[in-house]
2 protein chains.
Amino acid sequence: MDIIPNLSVDCVIFGFDSKNLNVLLVDRTLFDKNKNVVFSDFTLTGNHVLAGEDPDEAAVRILNDLTGLHDIYMEQFHTFGSTERLTREKDQTWINHLKLNIPQHVISVGYYSLIDANKVKIKSHNNRKVRWFPINLLPELAFDHELILRKALEMLRIKLRQEPIGFELLADKFTLTQVQRLYEAILGTKFDARNFRKKLAQMHYVVPLDEKQTSVRHKPAKLYLFSREVYERSRRDRFDFDI
Amino acid sequence: MDIIPNLSVDCVIFGFDSKNLNVLLVDRTLFDKNKNVVFSDFTLTGNHVLAGEDPDEAAVRILNDLTGLHDIYMEQFHTFGSTERLTREKDQTWINHLKLNIPQHVISVGYYSLIDANKVKIKSHNNRKVRWFPINLLPELAFDHELILRKALEMLRIKLRQEPIGFELLADKFTLTQVQRLYEAILGTKFDARNFRKKLAQMHYVVPLDEKQTSVRHKPAKLYLFSREVYERSRRDRFDFDI
DNA sequence: CCAAAAGTGTTTGCAATACACCCATGC
DNA sequence: GCATGGGTGTATTGCAAACACTTTTGG
């Protein structure tokens, strides 16, 4: 299949493990002929856009290639086109070593995706190790991937304050404390539990179930689910209202 | 100069004329051999990205080509990659008629720019008429340019609520009422003058001058200017403060 | 019975809203 | 002197923030 040579897609895959916000990264270790490590760092997952392929589809394809997951929340957040993106010495060494057929200048469309980290069980991809990293304990990153990741995080934070996308990072059924930990992890803040719950209580699309946690060694928490239908309805109502 | 064949940049040029928020559009009228009009609509201004050119630079180049202006506020807001972007019959007719060498599938990076409409005096560009249109009186648009424009406006509204970018649309010296009209035009709302001024008064980067309007047939308004220095400082202070 | 997290109300301060009249200028 | 927009203060309401103790379960 033909590719568009100067265009790629990079995916920032965010996952929440009920404690930290994590990013899924792929090991990039380069060995010389004697199997000594020349350098070792990590990359986001990305790929070319195919000829006649919408970059949105490419992003879905790339995410699915790596994780096997479908129907994942994805958001295009920025396009990176600096002419210096791939020109660092280390990056050129890597490209030459693998004989990758990459032009000097590739423009990359950035997407982030939100998944429940517990749903993903990947150990390696194309012989490269795959690992979660908490966003405040990142390893060294290849190319301009640190820039891409920081921008993704910035855009995620903005989006999170405007739309209830956080639930994409949780299991279908969740507790209110999990929601709070999630918001704290993404925004890097602490919230007061009572005030946070008061706010959630006003969001009618967070609907309580007749169900509680089991086998926890403390008072079991009520479970909730996120109703997209109720959310869309309440949003329309709001738009109808103000003029 | 070589181009990247599948990549282009489209610019949504917003201008404010102290009453409406406007977009600068370029006439696209197609004539047949007898000089009858086949169709007539408008386009945003866009162009290919050159080989080895950062799309950010391409956007600056395109804006400058059209308006002759430099140092204009520009913001990349979304990348459009649908495979159907250019496939409407009208658009294909246009492409064939002008013998434009455009592939079937072009991905376009969208930028919006903010300028004081009074600074721009363009009548035509490449033999095509150039006109301002108020955003709530748009003509029919070519390709997917309506989609692009709506997205630009949506992103502008979001940005405007977070950063004081509105001043880019005003002259260096402006009155508080002009600021209010601007915000009303962009956000499509009305504000109470007293409350609006109270809010502006808290923004120390809106600094009063010892100067008033002249030759207006009403009480002359005090003039203000936007200080980026003060804004950046106050922003840093705020970040230092919360943790 | 102890550890661990769930769950719950009230007070306080600040920010957003609503609202009406006088002022300075050009014609 | 009149039409036009400039400019100003106060009272009310709603929302965000601060804050401490009891409850339920498993081990």
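Every chain is numbered from 1, with letters handed out A, B, ... down the list of sequences. Computed from a prediction, not measured in an experiment: that's the story for all the values here.
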- Task: Determine whether the aromatic ring centres of A/Phe133 and A/Phe42 lie less than 6.0 Å apart.
- Result: yes
- Task: Pull out every residue in residues 156-167 of chain A that has a heavy atom closer than 4.0 Å to any atom of DNA chain D, ordered by number, or say none.
- Result: none
- Query: Among residues 212-226 of chain B, which residues get a heavy atom nearer than 4.0 Å to DNA chain D?
  - Reply: B/Arg217, B/His218, B/Lys219, B/Pro220, B/Ala221, B/Lys222
Between [atom2] on [N] and [atom1] on [X], what's the gap in Å once rounded to a whole number?
X        : N      : atom1 : atom2 : result
A/Phe174 : C/dA6  : CZ    : C1'   : 16 Å
A/Gln178 : C/dA5  : CD    : C1'   : 12 Å
B/Arg197 : C/dA18 : CZ    : C1'   : 17 Å
B/Phe191 : C/dT17 : CZ    : P     : 8 Å
B/Lys190 : C/dC19 : NZ    : C1'   : 18 Å
B/Lys198 : C/dA16 : NZ    : P     : 10 Å

- Item | Neighbour count above 12 (heavy atom, 6.0 Å) for A/Arg157 CZ | yes
- Query: Got a sec: does the CZ of A/Arg161 have more than 12 other heavy atoms crowding it under 6.0 Å?
  - Reply: no
- Does a side-chain heavy-atom distance below 4.5 Å link A/Lys151 with A/Phe80? yes
- Going by heavy atoms in the side chains, are B/Thr43 and B/Asp10 under 4.5 Å from each other? no
- Query: Any Lys/Arg nitrogen of B/Glu232 or B/Arg235 sitting under 4.0 Å from an Asp/Glu carboxylate oxygen of the other?
  - Reply: yes
- Message: Looking at B/Leu147, is its backbone amide N or carbonyl O close enough to the side chain of B/Asp144 to form a donor-acceptor pair, meaning the two atoms are under 3.5 Å apart?
- Response: no
- Message: Is it the case that the side chain of B/Tyr111 and the backbone of B/Asp56 share a donor-acceptor pair, with hydrogens and angles ignored and the cut-off at 3.5 Å?
- Response: yes
- First of B/Thr177 and B/Asp192 reached from the 5' end of DNA chain D, by closest nucleotide: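 Residue closer to the 5' terminus by nearest nucleotide: B/Thr177.
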- Message: Counting only side-chain nitrogens and oxygens, does A/Arg194 get under 4.0 Å of the OP1 or OP2 atom of C/dG7?
- Response: no
- If you walk 5' to 3' along DNA chain D, what is the first nucleotide with an atom under 4.0 Å of a heavy atom in chain A, and what is the last? D/dA17 to D/dG26
- Query: How are the rings of B/Phe226 and B/Tyr231 set to each other: parallel, tilted or perpendicular (split at 30° and 60°)?
  - Reply: tilted
- Using 30° and 60° as the class limits, which term best fits the ring planes of B/Phe196 and B/Tyr183: parallel, tilted or perpendicular?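 The arrangement is perpendicular - the two ring planes meet at more than 60°.
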- Message: Could you walk me through whether A/Asp116 and A/Asn118 satisfy the side-chain hydrogen bond (donor to acceptor under 3.5 Å, both in side chains) test, starting with their C-alpha distance in whole Å, then the side-chain angles of each, then the deciding distance to 0.1 Å, before giving a yes or no?
- Response: CA-CA 5 Å; A/Asp116 172 6; A/Asn118 303 309; 3.2 Å; yes
